[in-house]
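The shown structure was predicted, so the numbers you read here are calculated from the model rather than taken from an experiment.
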Amino acid sequence: MPDYTLYELENAPEGSKPFMQAAKDKFGFVPNVLKIQAEAPALIKGYLTLTGIFGESGLSPAEQQTILLSASIANECHYCGAAHTMGATMAGVSSENVEAIRSGGALSDPKLNALSVLTKQVIKERGWVKEADQDAFLEAGYTKADIMHVVLGIAV
C-alpha cells in the first residue's frame, strides 16, 4: 500500500487549500482524513460537499452520527470508527448506544436502533434490503426519504 502524504495548508495542492482552510476555520484544525484527501482536490471538495448535503437531510446530528458510526463499524474502518465514536458522543448519542453500535448490540433508543440496523443492512446486503426490514424502519418512525438519507450517509 502506498504511503499517503498528510498535507498541511502550506504544501497542499492549490485546489485543496480552500477546503482545508474552511475545515480549519470550522474545527480549529484540519482532520487527517482531509489532509490525505488533499492529494486530489476533487475528492476533498466532493467529500465536504456531500457531508454538507447530508447535514441538510433533516436527520438530527445524533441520527447522522448513528449512520456514520454504524457504517464505519460495518465497513471495519477503525479510523472512521474512532472519529465517529467521538462525533456521535459530541452529537448526544449516549455512551451506552455508542458502545452498542460498536459491539453490534441493540441500542436502548428504539428509533436510533432502527437507524443503525438499517444502515448495517444496506451495507451487508449491498442495497438489497428486504421489504420487511424497510417496513420495520418505517414503523420506527422514519420515512421513505429517510431510507434514502441512510444511503446518502453511507456514501459520506
- [ ] Indicate the atoms forming the closest heavy-atom contact of T119 with A71, along with that distance.
- [x] CG2-N, 3.8 Å

Open item on the list: Grouping I, L, V, M, F, W and Y whenever their side-chain heavy atoms are under 4.5 Å apart, do V33 and I53 come out in a common cluster?
Closed with: yes

- [ ] Could you grab the distance from atom CD1 of I147 to atom CG of L115, nearest 0.5 Å is fine?
- [x] 11.0 Å

- [ ] Kindly compute the distance separating CG (L48) from CG (L43), expressed to the nearest 0.5 Å.
- [x] 9.0 Å

Task: Side chain to side chain, K35 and Y4, heavy atoms closer than 4.5 Å - done: no

Open item on the list: Quick check for you: to the nearest 0.5 Å, what is the distance between H84 atom NE2 and I73 atom CD1?
Closed with: 10.0 Å

- [ ] Using a 4.5 Å cut-off on heavy atoms from C-beta on, say whether the side chain of V122 contacts that of W128.
- [x] no

TODO: Kindly check if the number of other-residue, nucleotide or ligand heavy atoms within 6.0 Å of NZ (K45) is above 12?
DONE: no

Open item on the list: Can you confirm whether D146 sits close enough to F137 that some side-chain heavy atom of one is under 4.5 Å from a side-chain heavy atom of the other?
Closed with: yes

Task: Nearest non-hydrogen partners of L69 and A88, listed with the distance - done: CD2-CB, 4.3 Å

TODO: Report the C-alpha separation of N97 and S108 in whole Å, then their side-chain angles, then the decisive distance to 0.1 Å, and conclude whether the side chain to side chain contact (heavy atoms under 4.5 Å, CB included) test is met.
DONE: CA-CA 6 Å; N97 284 330; S108 62; 3.2 Å; yes

Open item on the list: Let me check something: do V117 and I123 share a hydrophobic cluster, defined by ILVMFWY side-chain heavy atoms less than 4.5 Å apart, either directly or through other members?
Closed with: no

Task: Gap between atom CD of Q21 and atom NZ of K26 - 0.5 Å precision - done: 14.5 Å

TODO: Write down the atom of T85, the atom of V98, and the distance for their closest heavy-atom approach.
DONE: CG2-CG1, 3.7 Å

TODO: Tell me, with the steps shown, if I36 and T5 meet side chain to side chain contact (heavy atoms under 4.5 Å, CB included).
DONE: CA-CA 6 Å; I36 292 170; T5 302; over 6 Å; no

- [ ] With sequence neighbours left out, write down each residue that passes side-chain hydrogen bond (donor to acceptor under 3.5 Å, both in side chains) with S116, or none if nothing qualifies.
- [x] S70

- [ ] Tell me, with the steps shown, if K120 and I101 meet side chain to side chain contact (heavy atoms under 4.5 Å, CB included).
- [x] CA-CA 10 Å; K120 291 176 181 180; I101 295 169; 4.3 Å; yes

- [ ] Taking the side chain as every heavy atom from C-beta outward, state whether E125 and K130 have any pair of such atoms under 4.5 Å apart.
- [x] no

Task: Atom of A12, atom of Y7 and distance for their closest heavy-atom approach - done: CA-CD2, 3.6 Å

Task: Intermediate values then yes/no, side chain to side chain contact (heavy atoms under 4.5 Å, CB included), L152 and L50 - done: CA-CA 8 Å; L152 176 59; L50 193 58; 3.2 Å; yes

- [ ] Enter the distance from S94:OG to L112:CG here, rounded to the nearest 0.5 Å.
- [x] 8.0 Å

- [ ] Report yes or no: do L34 and Y79 belong to one cluster of Ile/Leu/Val/Met/Phe/Trp/Tyr joined by side chain heavy-atom distances under 4.5 Å?
- [x] yes

Task: M20 to V30 - nearest heavy-atom pair and separation - done: O-CG2, 3.4 Å

- [ ] Could you tell me the separation between the NZ atom of K24 and the CD atom of E8, rounded to the nearest 0.5 Å?
- [x] 8.5 Å

- [ ] Please check if V156 and F19 belong to a single hydrophobic cluster, counting links between Ile, Leu, Val, Met, Phe, Trp and Tyr side chain heavy atoms closer than 4.5 Å.
- [x] yes

- [ ] Please report the shortest heavy-atom distance between S16 and I44, naming the atom on each side.
- [x] OG-CG2, 3.7 Å

Task: side-chain contact (heavy atoms from CB on, under 4.5 Å) partner of V150, the single match among L118, V129, L59, T66 - done: L118

